[in-house]
Asker: 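Questions regarding the structure given below will be posed in turn.
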Amino acid sequence: MDTGVIAVRYAKALLESAIQLKQEGEVYAEMQTLSTNYIQVPQLRFTIDNPTLGNEKKLDLLKTACGGNASDLTVRFLELVFKEGRESSLQFMATAYLTLYRKHKNIIRGKLTTAVPVSQETEAKMKQMVENRTHGNVEFNTEVDPSIIGGFILEYDTYSFDASVRTKLKGVLHELTV
């Protein structure tokens, strides 16, 4: 069976259980942490897939990867995943949960890239603008990238607005060379 299909089925079951127990936000935070740890610590995947390591040690490792103090629901979910022998799909399950949760809560991910750090007030205004346009809640990340020279790049959903100096200069250069 396809890993994606399995991951989504497990993630749906986890989300439904979390909603019933009113723990969907807590589980969301744990799945975010787990997903981030899978990306930032590539050895985590190899360790979980290692057949010589016992499931108890793997479970302890995953509890830590979920933020250290995993909720009872998350622990029961992890135990079920191990019982069914699906631990190799856990990273995909965590990502699928995040996607399903965002869809359920109408959360849009947004990203603002600037050449220099911006004030929290400016960040809040940009976030508010995106929320007004999308009629949803926005998870907003701000990054500093000096290579854009000035201006900003705003991305959310499938929309991208590039008002960076770097892009403007490339446009001028292109016009001069044509």
Asker: Say you draw a straight line from CG of Asn50 to CD of Gln43; how long is it, rounded to the nearest 0.5 Å?
Answerer: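 Between atom CG of Asn50 and atom CD of Gln43 there are 13.0 Å.
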Asker: Is the NZ or CZ atom of Arg133 both under 6.0 Å from the centre of the six-membered ring of Tyr156 and within 45° of that ring's axis?
Answerer: no
Asker: Indicate, with yes or no, if Leu80 and Leu62 share a hydrophobic cluster defined by side-chain heavy-atom contacts under 4.5 Å among Ile, Leu, Val, Met, Phe, Trp and Tyr.
Answerer: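 Yes; Leu80 is reachable from Leu62 via cluster members.
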Asker: Do you know the tightest heavy-atom contact between Ser160 and Ile153?
Answerer: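 Minimum heavy-atom separation between Ser160 and Ile153: OG-CG2, 4.4 Å.
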Asker: Hydrophobic cluster membership, with links at side-chain heavy-atom distances under 4.5 Å among I/L/V/M/F/W/Y: are Ile108 and Phe161 in one?
Answerer: yes
Asker: Checking the side chain of Ser35 only, and the main-chain atoms of Met31 only, is there a donor and an acceptor separated by less than 3.5 Å?
Answerer: no
Asker: Heavy-atom distance under 4.5 Å between the side chains of Lys127 and Leu112, does that happen here?
Answerer: no
Asker: Working note: Asn106 + Thr134, criterion side-chain contact (heavy atoms from CB on, under 4.5 Å); need CA distance, chi angles, decisive distance, verdict.
Answerer: CA-CA 9 Å; Asn106 194 25; Thr134 61; over 6 Å; no
Asker: How about Tyr101 and Ile19: do any of their side-chain heavy atoms sit closer than 4.5 Å?
Answerer: no
Asker: Measuring only between side-chain heavy atoms, which start at C-beta, is Arg9 closer than 4.5 Å to Arg86?
Answerer: no
Asker: So which atom in Ile39 and which in Pro42 form the shortest heavy-atom distance, rounded to 0.1 Å?
Answerer: O-CD, 4.2 Å
Asker: For residues Leu78 and Cys66, report the shortest heavy-atom separation together with the two atoms involved.
Answerer: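 Taking Leu78 first and Cys66 second, the nearest heavy atoms are CD1-SG, 4.4 Å.
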Asker: Check whether Asp162 reaches the backbone of Ser164 with its side chain - one donor and one acceptor, N or O, closer than 3.5 Å.
Answerer: yes
Asker: So do the side chains of Leu61 and Lys58 get within less than 4.5 Å of each other, counting heavy atoms only?
Answerer: no
Asker: Minimum heavy-atom separation for Ser71 and Glu30, please, with both atom names.
Answerer: N-OE2, 2.7 Å
Asker: Roughly how far, to the nearest 0.5 Å, is CG of Leu98 from OG1 of Thr36?
Answerer: 8.0 Å
Asker: What's the separation between atom OG1 in Thr114 and atom CG in Leu154, rounded to the nearest 0.5 Å?
Answerer: 11.5 Å
Asker: Is it the case that the side chain of Glu143 and the backbone of Thr113 share a donor-acceptor pair, with hydrogens and angles ignored and the cut-off at 3.5 Å?
Answerer: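 Not a single qualifying donor-acceptor pair exists.
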Asker: Determine, step by step, whether Glu121 and Lys125 satisfy the salt bridge (Lys or Arg N to Asp or Glu O under 4.0 Å) criterion, reporting the C-alpha distance in whole Å, the side-chain angles of both residues, the deciding distance to 0.1 Å, and the verdict.
Answerer: CA-CA 6 Å; Glu121 181 181 314; Lys125 284 181 183 178; 3.5 Å; yes
Asker: Going through the checks in order, is the side-chain contact (heavy atoms from CB on, under 4.5 Å) test met by Val8 and Thr99?
Answerer: CA-CA 9 Å; Val8 170; Thr99 302; over 6 Å; no
Asker: Are the side chains of Tyr97 and Tyr10 in touch, meaning some heavy atoms are under 4.5 Å apart?
Answerer: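 Result no, sub-4.5 Å side-chain heavy-atom pair not found.
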Asker: Is it true that atom CG of Asn132 has more than 12 heavy atoms of other residues, nucleotides or ligands lying nearer than 6.0 Å?
Answerer: yes
Asker: As a test of understanding, state which of His104, Lys105, Arg102 forms a side chain to side chain donor-acceptor pair (under 3.5 Å) with Tyr28.
Answerer: Arg102
Asker: Can you confirm whether Tyr38 sits close enough to Ile48 that some side-chain heavy atom of one is under 4.5 Å from a side-chain heavy atom of the other?
Answerer: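 They are in side-chain contact.
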Asker: Could you give the distance from CD1 (Ile149) to NZ (Lys168), rounded to the nearest 0.5 Å?
Answerer: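 Answer rounded to 0.5 Å: 12.5 Å.
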Asker: So, does Thr167 use its side chain to make a donor-acceptor pair with the main chain of Ala163 at under 3.5 Å?
Answerer: no
Asker: Look at the side-chain heavy atoms of Ile, Leu, Val, Met, Phe, Trp and Tyr, link any pair under 4.5 Å apart, and say whether Phe92 and Val41 land in one connected group.
Answerer: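 No, no single cluster joins them.
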Asker: If you define the side chain from C-beta out and look only at heavy atoms, does anything of Met126 sit under 4.5 Å from Val118?
Answerer: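 In short, these two side chains do not touch, never coming nearer than 4.5 Å.
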Asker: Return the minimal non-hydrogen interatomic distance between Val138 and Gly110, and the atom names on each side.
Answerer: CG1-N, 4.1 Å
Asker: For the residue pair Ala115 and Val144, what are the closest heavy atoms and their distance?
Answerer: O-CG1, 3.4 Å
Asker: Treat each ILVMFWY residue as a node, draw an edge where side-chain heavy atoms are under 4.5 Å apart, and state whether Ile6 and Leu34 are in one component.
Answerer: yes
Asker: Do Phe152 and Leu169 share a hydrophobic cluster (ILVMFWY, side-chain heavy atoms under 4.5 Å, transitive)?
Answerer: no
Asker: Please report the interatomic distance CG(Asn69) to NZ(Lys63), rounded to the nearest 0.5 Å.
Answerer: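 Reported to 0.5 Å precision, the distance equals 10.0 Å.
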Asker: For residues Leu14 and Leu73, determine if any side-chain heavy atom of one lies less than 4.5 Å from a side-chain heavy atom of the other.
Answerer: yes
Asker: What is the distance from atom CG of Leu100 to atom CD of Glu16, rounded to the nearest 0.5 Å?
Answerer: 9.5 Å
